[in-house]
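All values below come from the heavy atoms of this structure, side chains included, with hydrogens, waters and symmetry mates left out. Every number for a ligand or one of its atoms is a count from 1 in the order of the listing.
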Amino acid sequence: MAEEFWWKKAGFFYFLARKSHFVRYVHEAFLKRVDELALPKGSKVLDAGCGDGNVTFPLERRGYEVTAIDFGDAVLAEGEKARKRLGIKNIVFEFGDLNNPLKYADASFDLVTSLHVLMKVKNCDFAIREFFRVLRPGGHCVLSITSSHETFSHWLWRYCKRNGMLRGLWDVRWLIAWGIPYVLMTKKSERRDEWRWPPEELGRHFAAAGFTVLLTEEVPYQHVGCALGVFKKPE
Ligand SMILES: C[S@@+](CC[C@H](N)C(=O)[O-])C[C@H]1O[C@@H](n2cnc3c(N)ncnc32)[C@H](O)[C@@H]1O
């Protein structure tokens with residue numbers, strides 16, 4: 001099965017991976033960087049590759065109006081179900097493929113967020129240029145990707161050596177619950193084909209699109225291999 005098909009039809013399984021504290025830690029580090037921008041309530045946000053709304057709902061709770069796009073029907077349906085259940089008005093979930101031009105006018109958003117999506121996007125530099133286009137001058141982008149080429153098994157070995165085998169396996173149980181069907185169902189070649197940039201390289205791609213690089217960092221928790229960046233479109 002092509003990985004794209006997996007994300008489109010079975011992306012909601014990602015909720016299992018998110019139970020793992022590594023993924024939650026990246027999520028918290030990401031929202032901390034968003035909060036540092038201190039954007040006013042009512043700011044317009046594009047959450048690109050929103051999944052079922054992992055970041056979308058916390059952004060809405062901060063008073064922002066969020067347009068949340070993904071190319072996965074299943075995750076969009078989950079997000080929309082939750083939005084309706086919670087009676088939220090300031091989120092729109094809609095289809096959007098980051099490999100193609102976005103339908104939004106120039107300078108439509110104050111902030112673009114994207115948590116762990118860009119490494120999967122084939123035309124990643126095109127997507128970054130689209131983020132630049134739809135942001136207003138002075139607008140920001142906060143984004144994370146996988147940064148390391150280390151395979152999961154190598155990383156797990158290193159982690160278990162540091163923390164003990166039992167504790168290590170217990171810590172990654174949710175990641176493994178998600179990872180087994182993912183690995184069985186998708187093609188190894190495509191999984192290996194992801195863009196994985198260290199923070200400096202992430203910065204170079206955004207600078208090439210015209211952004212000012214405010215910050216790039218490796219999220220430091222047990223080195224899970226995550227690069228986070230905060231970028232600004234010049235005024
Ligand atoms: C690792 S999940 C992250 C989802 C969400 N941001 C979160 O933190 O839970 C990656 C998401 O990127 C989406 N995605 C991958 N390639 C995409 C593309 N070309 N256009 C839009 N969404 C894409 C997938 O459908 C999936 O929901």
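For G49, a nitrogen or oxygen atom sits less than 3.5 Å from a nitrogen or oxygen atom of ligand 1, counting backbone and side chain alike. At a 3.5 angstrom cut-off on N or O pairs, L98 counts as close to ligand 1. Note: no N/O pair closer than 3.5 Å links D52 and ligand 1 by distance alone. Close N/O approach between D97 and ligand 1 is found [any backbone or side-chain N/O within under 3.5 Å].
Taken to the nearest 0.5 Å, the CG atom of N54 stands 12.5 Å off from the CZ atom of F15. Distance CD1/I145 to CG/L115: 11.5 Å, rounded to 0.5 Å.
Listed by atom number, the atoms of ligand 1 under 4.0 Å from H116 heavy atoms are 1 (C), 2 (S), 3 (C), 10 (C). Close contacts of ligand 1 with G96, meaning ligand atoms under 4.0 Å from a residue heavy atom, involve 20 (N), 21 (C).
Of the protein's non-hydrogen atoms, V117 CG1, 3.4 Å is the one closest to atom 12 (O) of ligand 1. The closest protein non-hydrogen atom to atom 8 (O) of ligand 1 is N54 ND2, 3.0 Å. Closest to atom 27 (O) of ligand 1 among all protein heavy atoms lies D70 OD2, 2.8 Å. Scanning the protein heavy atoms around atom 3 (C) of ligand 1, the nearest turns out to be L115 O, 3.5 Å. Closest to atom 22 (N) of ligand 1, if we only count protein heavy atoms, is F71 N, 3.4 Å.
Annotation: cation-pi pair R167/W170 absent, no NZ/CZ under 6.0 Å from the ring centroid and within 45° of its normal.
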When you look at R33 and E217, which way does the salt bridge (Lys or Arg N to Asp or Glu O under 4.0 Å) test go after all the steps?
-> CA-CA 11 Å; R33 292 302 178 196; E217 62 181 346; 2.9 Å; yes
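F211 and K233 get closest at one heavy-atom pair: CD2-N, 3.9 Å.
Salt-bridge annotation for K44 and D110: absent, with no side-chain N of the basic residue lying under 4.0 Å from a carboxylate O of the acidic one. Of the charged side-chain nitrogens involved, none lies within less than 4.0 Å of a carboxylate oxygen, so that R129 and D125 do not count as a salt-bridged pair.
Only the backbone of C50 comes within 4.0 Å of ligand 1, judged by heavy-atom distances.
Annotation for W155: atom CH2 counts as buried by contact number, over 12 foreign heavy atoms lying within 6.0 Å.
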